[in-house]
Amino acid sequence: MKFSDQILSWYQHNKRELPWRKGTSYQVFLSEVMLQQTQVKTVIPFFHRFLERFPNLSTLANSSLDEVYQVWQGLGYYHRARNMHKTAQIWSALGRDPRNYAEWIALPGVGPYTASILTAILLEHPAAAIDGNIKRILQRYFGLETIKEVKMVAENVLPSKNYGNYTQGLMDLGAMICTPKTPKCSMCPIAEFCKFKQGTWMPSKKAKNLKSVRYGHVYLCKKEDALWSVKNTESKLLKGLWGFPLSDLKEEEQSSYIEVPLTCLKGTVRHVFTHFILELRIWNATSRIEDVTSKWSNGKWLDFQQRKELGFSRLMRKIEEQENIWI
DNA sequence: AACTCGTGGGC
DNA sequence: TGCCCAAGAGT
């Protein structure tokens, strides 16, 4: 049996029931954006929450970007929220669904993978989507090294129909059987001719990435029940989200960034990002309200209830959670 | 072409 | 625990 037929046959009997399968084009699109670099299990609650707030394309297109950030908060990679909002407006103005790969990939936040899989699932046109799962399966099965080889093979093994099911079949196989660590080869429908299973191919080792630490300071100023809060419009990291006044980040530990005698250190917080570790010192800067509010002048006094209505990053929520202890 | 961009699952 | 890495895209 052909490679693609084995995948299709396995998928028919083993597919996962996921909330976006058999959904509208808008729902499938939303799921694909949320799933970029994010596990299915993490996405599911966010997916439902998002649809509750923005049930269809036009409600999203007509919303404000801040509302989108509010619903997206905690999911990470916030440029996705920004691009989704833009794409919704373009798509909504178009008045119909994109008709092919070129129209999909022209949209902000839609790259080669997302454009391919939407073309396959929604249009049933041939398109070789390559994500982490599919790359891993093809590399193992055919013993491939470079991404160039993977792309060629992916095109060559495409079926002649059922492109959506075939692609999702590969994804499910990658997520459930052909996992990165300890794949379940005994349950795999294509183990017989797999070069990895046969032991004739092994993945090349990756250089391990050493995560550097960056240091900074967060300043909490309290007035009655409110904390001085600012929206990040400057740095790309956590852009568009709200938080508390944050110093520039440095490679070395440093004394307080603003030149005032802050003596009331309340604690530290460590937060792990993809490419670095952030360590912040948290200050009670209430005695320096003037300094802080003039340096971060575009802020607001927000109480707990008001902050709940805005998009805060997980990092800032972590700090906020312990506010009562610290202040 | 590397870097940047979040957060949490899972082992 | 610390570490890899997840349905990648933009620059």
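Quick caveat, the model's predicted, so the values are computed rather than measured. Side-chain atoms are counted along with the backbone in the values below, which use heavy atoms only and exclude waters and symmetry mates. Labels below follow one simple rule: chain letters A, B, ... track the order of the sequence lines, proteins then strands, and each chain is numbered from 1.
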Span that lies between the P atom of B:dG6 and that of C:dC3, in whole angstrom: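 Result for the P pair: 22 Å, nearest Å.
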
Donor-acceptor pair under 3.5 Å, A:T38 side chain vs C:dG8 base: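 No, the side chain and the base share no sub-3.5 Å donor-acceptor pair.
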
Distance-only donor-acceptor test, A:R16 side-chain atoms vs C:dA7 base atoms, 3.5 Å: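 A donor-acceptor contact between them is present.
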
For [X] and [N], give me the distance from atom [atom1] to atom [atom2], rounded to whole Å.
{"X": "A:F46", "N": "B:dG8", "atom1": "CZ", "atom2": "P", "result": "7 Å"}
{"X": "A:K211", "N": "C:dC3", "atom1": "NZ", "atom2": "C1'", "result": "8 Å"}
{"X": "A:Q37", "N": "C:dA7", "atom1": "CD", "atom2": "P", "result": "9 Å"}
{"X": "A:K181", "N": "B:dG9", "atom1": "NZ", "atom2": "P", "result": "14 Å"}

Side chains of A:W301 and A:D225, donor plus acceptor under 3.5 Å: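 Looking only at side-chain atoms, A:D225 and A:W301 do not form any donor-acceptor pair under 3.5 Å.
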
Classify [X] by what it touches in the nucleic acid, base, sugar-phosphate, or nothing, heavy-atom distance under 4.0 Å.
{"X": "A:I117", "result": "nothing"}
{"X": "A:V43", "result": "nothing"}
{"X": "A:R21", "result": "base"}

Results of side chain to side chain donor-acceptor pair (under 3.5 Å) for A:Y113 - residues two or more places apart only: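 Expected list: A:E32.
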
Lys/Arg N to Asp/Glu carboxylate O, A:K135 vs A:E149, below 4.0 Å: no

Within residues 68-82 of chain A: residues closer than 4.0 Å to DNA chain B (heavy atoms): A:G74, A:L75, A:G76, A:Y77, A:Y78, A:H79

Minimum-distance nucleotide to A:L315 side chain [options: B:dC5, C:dA6, B:dT7]: B:dT7

Parallel, tilted or perpendicular, as decided by the 30° and 60° cut-offs, for the rings of A:F244 and A:F312: tilted

Ring center gap for A:H271 and A:F273 short of 6.0 angstrom: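 Aromatic pair counts; centres sit under 6.0 Å.
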
A:F193 ring center within less than 6.0 Å of A:F142 ring center: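 No, ring centres 6.0 Å or more apart.
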
